[in-house]
Amino acid sequence: MSDRKSKIDDDEALSFHRYPEPGKIALRATKPMATQRDLSLAYSPGVAAPVRAIAENEDAVYDYTSKGNFVAVISNGTAILGLGDLGAMASKPVMEGKAVLFKRFADVDAMDIEVEENDPEAFIECVRRFGRTFGGINLEDIKGPDCFIIEEKLREYLDIPVFHDDQHGTAIISVAGIINACELTGRNLEDLKVVVNGAGAAGIAVLELLKAMGVRGQNAILCDSKGVIYKGREGGMNQWKSAHAADTQARTLEEALDGADCFIGLSVKGAVDKKMVKSMAADPIIFAMANPDPEITPEEVREARSDAIMATGRSDYPNQVNNVLGFPYIFRGALDVRARTINEEMKIAAARALAALAREDVPDEVAAAYHGARPTFGRDYIIPAPFDPRLISYVPPFVAQAAIDSGVARKPISDMAGYKAALARRLDPTAAILQSIQDEVRSRPKKTIVFAEGEEPSVIRAAFAFQNQELGEAILIGREETTKANMRLVGVPEDAIRVVNARLSDRNADYADWLHKRLQRRGYLKRDVQRLVNNDRNVFAACMVAGGQADGMVTGTTRNYAQALSDVQLALDPRAGERVMGMSLVLSQGRTLFIADTNVTEFPAADALADMACEAAAAARRFGVEPRVAMLSYSTFGNPAGDRAEKIQDAVRLLDARSVDFEYEGEMNADVALDPDHRRIYPFSRLSGPANILIMPAIHSASISTKLLRAAGGATVLGPMLLGLEKPVQIARLGAGVSDLLTLAVLAAHDLSAEAAAEEAAARRQAGSE
């Protein structure tokens, strides 16, 4: 169990919602509004064209407006959280919060609408009249049984998804957890004996979804505050409860739980006691989801028995049933196929997707949410964590495919793999670049990448992912016993990755001899070199690469960058005619920038700056970017003058003498280099557009600028990537996580793929000339 979260006081919460401006959402224009022509296109007269197109074909509204990515979050405030009926305006902070979650987790634009109407029929008529302006409607915090009536009628009237999240969101997440709990306890849903306590919207929705997935009616008992809902009961009944009346002799919750496999609580604190838990079947599944306090606490359940699988609605216990795992991704999938509704098939697909994701190895972002403790599929991890970055590309395709298969999609998706890649790009701007790099690596003969720090759990997991994603072969350098023990610890099969012990390798002596010949005139004795090969995994791995036993390497997570690079350079030289340097790829506000040198040369001279420009331009082309290089300085074209600016001018003259095949200019300020209109003031500039490669005058300016862009500017930074060595080597930052290490391994393999592609192109040109 994780530590209890710190209490949030009212003053802190009020301040959060009030400052720096009231509320949590705002409107952002998606088109430029800088000129009179922009305004004419956006409004009159340009807007008339889409008006006529939509009048002729109403479905064209998805093509010319934001409807396809817009959801209305609607409430009347009759059941706000656990606070009750506090009115429509009191629900607005909650609805704004829901809108923020839609945007944060699935890039769905959402608007909150608070309707001051408690009569269900009047509420329905109100929403019916404006509902179709949106791509979907998320109903929220509406009391039962009104919520049943409202959702049912609006689904009839509107041909867009209408989804009451308090019902179906809770049901989908709960059922995902129950699927996995059954997996762990060897049960089938068809045989599961279930007791649901709480016959409100959420409780009935959970029971309906379980039955839709195979739970038999005779094995399901629904209870409310008066006890079991059984056939023939008259008091406290309605049509929704009656639909689930059981043929049973049990009359109380205690009697219903005797021998039950599963308890699902959506009721009140203290509804279940330890005696009831003890009466349940072996390996009981207990979902106590009353908020803020569950029907029974995990501590009480543990005191009663040790074999239970437990979930709650709270974030300070394992297995939190959190609706944010559902509604953003369900709507994302529904919107992307322009679904007419969200049906049972789509809900089942979402539940199964979430269950499947929880069984996969978790990324670093999830481990961070668990304070560094990496959860693995098991009794304390049956539901994915809300901050798992894979949710956006994992769940919506299941929902979209179910919509297509069940016939409610207006716009079927033919390329589901492409759709998944597009989803990943929505929230991670590096995803598109990394996806294209991975595709290129997979398309060529597989290369072998050696992971020098092979005993580290994060390195093991990165190496396994590299192999598992069919990007190439991985080799771990480490002691067999320690490495395999850590492989078991992180759930990687012991025989999945080749492990090489440097000291015991049959190539150890050959590497020592070769390295001694290389270093003997640099002050290294034979015993010094033997010690390096035996004990320094970076040196051993670099020898493997130099000797052709591996194609590239990754290191750095346990040693600082400068030391790791120094180790590697004992065995590997710069590529002929190139300079070793670090380059970072920065994505900010739709702009892609390459910044160099971020890691190697502290104060580069003019010739070094010229070399860096050539090296960075070549690297940018390997990423599919046509280079426009700016040599940056504190001055622009001699103003103001100074000794340091002269060095940049000299570098530009050196590039002039080399007759390079890319655009370059300098010396210039960063704002001038990035200004697409800078030629208005400097018409002599050789750049045809804003620069996309920035060569910094010193390592500190490069490092500071990339970190500043990431921390204050919200940019995404990939790298730094190491360029210029004769063989591909990538060095991670200290303590780098799995995703960073995997990315660097892919970049190392990509260097080889790009080199092979260049050789193939040269061969084709040669054949053509002959």
Side-chain angles (χ1 to χ4, degrees), residues 2 5 71 73 81 94 97-108 110 136 138 140 161 163-181 183 202 205-206 209-210 213 264 266 285 287-289 291 294 309-335 342 346-363 365-370 375-378 380-400 402 420 423-424 426-427:
S2 60
K5 61 185 178 183
V71 168
V73 182
L81 302 176
V94 183
K98 198 85 172 193
V100 170
L101 296 178
F102 266 113
K103 189 66 177 177
R104 162 62 180 83
F105 289 102
D107 194 29
V108 171
N138 184 105
E140 193 80 15
F163 186 83
H164 184 216
D165 188 45
D166 297 323
Q167 291 181 62
H168 309 299
T170 302
I172 289 164
I173 316 307
S174 301
V175 169
I178 290 166
I179 290 170
N180 280 339
E183 172 78 15
V206 172
L209 190 57
L210 281 171
M213 294 187 70
I264 299 169
L266 289 149
I285 300 166
F287 279 42
M289 296 180 285
N291 266 323
I309 294 178
M310 181 84 184
T312 71
R314 294 177 56 139
S315 62
D316 50 353
Y317 290 118
N319 299 326
Q320 183 194 16
V321 177
N322 188 333
N323 282 22
V324 79
L325 288 164
F327 68 85
Y329 312 110
I330 294 163
F331 271 96
R332 179 76 275 155
L335 291 171
I342 293 174
M346 295 161 74
K347 296 173 199 172
I348 291 170
R352 286 179 172 156
L354 289 166
L357 183 59
R359 299 175 200 170
E360 296 195 1
D361 186 34
V362 302
E365 292 86 345
V366 175
Y370 282 78
T376 57
F377 178 60
D380 286 337
Y381 191 73
I382 57 174
I383 301 170
F387 285 94
D388 191 324
R390 299 168 300 176
L391 285 159
I392 180 64
S393 59
Y394 199 97
V395 178
F398 280 80
V399 176
K420 291 177 182 178
L423 287 169
R426 294 193 79 109
L427 298 180

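Please read all numbers here as calculations on a predicted model, not as lab measurements.
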(message) Under a 3.5 Å distance rule, please check whether Q167 uses its side chain to pair with a backbone N or O of A202 as donor and acceptor.
(response) no
(message) Using side-chain contact (heavy atoms from CB on, under 4.5 Å), reason through L209 and K347 one step at a time and then give a plain yes or no.
(response) CA-CA 8 Å; L209 190 57; K347 296 173 199 172; 4.0 Å; yes
(message) Give me the atom names and distance for the closest heavy-atom approach of L325 to L391.
(response) CD2-CD1, 3.7 Å
(request) Give the minimum heavy-atom separation between P386 and Y329, together with the two atoms involved. (result) O-OH, 4.4 Å
(message) Before you tell me yes or no, could you show the steps for V395 and L354 under side-chain contact (heavy atoms from CB on, under 4.5 Å), namely the whole-Å CA-CA distance, both residues' side-chain angles and the distance that decides it to 0.1 Å?
(response) CA-CA 7 Å; V395 178; L354 289 166; 3.8 Å; yes
(request) Please check if the side chain of N319 supplies one atom and the backbone of I382 the other of a donor-acceptor pair under 3.5 Å. (result) yes
(request) Ignoring hydrogens and angles, tell me if any N or O in the side chain of R332 forms a donor-acceptor pair with the backbone of D107 under 3.5 Å. (result) yes
(request) Tell me, please, which residues at least two apart from P328 pass side chain to side chain contact (heavy atoms under 4.5 Å, CB included). (result) F105, A106, V324
(message) Quick check: closest heavy atoms across I330 and A350, and the distance to 0.1 Å?
(response) CG1-CB, 3.9 Å
(request) Quick one: do L335 and V71 satisfy side-chain contact (heavy atoms from CB on, under 4.5 Å)? Show the steps, please. (result) CA-CA 9 Å; L335 291 171; V71 168; 3.9 Å; yes
(message) Please find the pair of heavy atoms, one from A349 and one from A402, that lie closest to each other, and give the distance.
(response) CB-CB, 3.7 Å
(message) Please evaluate residues I264 and I178 with respect to the criterion side-chain contact (heavy atoms from CB on, under 4.5 Å), reporting the C-alpha separation (whole Å), side-chain torsions for both, the decisive distance (0.1 Å), and the verdict.
(response) CA-CA 10 Å; I264 299 169; I178 290 166; 3.4 Å; yes
(message) If we ignore hydrogens and angles and just use 3.5 Å, is the side chain of N180 paired with the main-chain N or O of A355 as donor and acceptor?
(response) yes
(request) Examine distances only and state if a side-chain atom of N138 and a backbone atom of F327 form a donor-acceptor pair shorter than 3.5 Å. (result) no
(request) Quick one: closest heavy-atom pair of M346 and I342, and the distance? (result) SD-CA, 3.8 Å
(request) Using ring pair (Phe, Tyr, Trp, His ring centres under 6.0 Å) as the criterion, list what pairs up with F287, not counting sequence neighbours. (result) none
(request) Enter the distance from H164:NE2 to E140:CD here, rounded to the nearest 0.5 Å. (result) 6.5 Å
